[in-house]
Amino acid sequence: MHPTNSPADRLAAVGNQMIEIHLWLSAELARLRAGLDTPSRDLRAHCLTFCAALGRHHTGEDAGAFRLLAEQVPELRPVIANLITDHEVVAGILERVEALLAGDPAVPAAQVRGELDGLAALLESHFRYEEKRLVSALNALTGRPGQAEELLGLTVPPQVTD
């Protein structure tokens, strides 16, 4: 069921949108990891695009959804603090991946794979915890149309078939 365009309905699905974003990010990360066996310029570009998207999502959550939830549902503040700490760890991994990709084009795929494997493990746990603890609270939010994208920092891109 898709929300209508009323402000209340538009935000009623923000928790569900977060899950969709997490699924998309997880799928993109899986594609990146699978593509490491055949490094290419496209793989580097895909990896950097993914890193930017994940960073935007977490920055959007920190400044948007998490701030709003902390104001409206104060009992979630400890959960939000844990999630923000995770975001900081993820940002460190993304910085290392970007540094590896910005350097020598012959950087060993094993180094990038190690970082992406660690990122995948952390994100799997992080996404599930975030979804379990926040989806119902996010789905209860109301606000103006278009605010869901601001709160999450990212929308799920349309499916692209190869």
**Asked** Atom CD1 of I93 and atom CD of E98: how far apart are they, to the nearest 0.5 Å?
**Response** 12.0 Å

**Asked** What residue pairs, at least two apart or across chains, pass salt bridge (charged side-chain N to carboxylate O under 4.0 Å, His left out) with a residue in residues 115-134?
**Response** R33-D117, R96-E115, R128-E131

**Item:** Validation row: V112, L116 side chains within 4.5 angstrom (heavy atoms)
**Value:** yes

**Asked** Sequence neighbours excluded, which residues qualify as salt bridge (Lys or Arg N to Asp or Glu O under 4.0 Å) partners of E71?
**Response** R67

**Request:** Quick one: list whatever passes side chain to side chain contact (heavy atoms under 4.5 Å, CB included) with D62, sequence neighbours left out.
**Result:** F66, I84, H87

**Asked** What distance separates Y129 OH from N82 CG, expressed to the nearest 0.5 Å?
**Response** 4.5 Å

**Item:** Partner residues of V90 under the side chain to side chain contact (heavy atoms under 4.5 Å, CB included) criterion, sequence neighbours left out
**Value:** L54, H58, L94, L119, L122, L123

**Asked** Side chains of L138 and L68: does their closest heavy-atom pair fall under 4.5 Å?
**Response** no

**Asked** Are the side chain of T85 and the backbone of A81 linked by a donor-acceptor contact shorter than 3.5 Å?
**Response** yes

**Item:** Contacts of R56 that satisfy salt bridge (Lys or Arg N to Asp or Glu O under 4.0 Å) - sequence neighbours left out
**Value:** none

**Prompt:** How close do P78 and P74 get, heavy atom to heavy atom, and via which atoms?
**Reply:** CD-O, 4.3 Å

**Prompt:** So, N139 side chain and G15 main chain: donor-acceptor pair closer than 3.5 Å or not?
**Reply:** yes

**Complete:** Taken to the nearest 0.5 Å, the spacing of I80 CD1 from E75 CD works out to 9.5 Å

**Request:** Can you measure from CZ (R31) to CG (L36) and round to the nearest 0.5 angstrom?
**Result:** 12.5 Å

**Item:** Rounded distance (nearest 0.5 Å) linking atom CG of L152 with atom CD of E20
**Value:** 10.5 Å

**Partners meeting ring pair (Phe, Tyr, Trp, His ring centres under 6.0 Å) with F127 (sequence neighbours left out)** = H22

**Fill in**
Separation between SG (C47) and CG (L29), nearest 0.5 Å, reads 8.5 Å

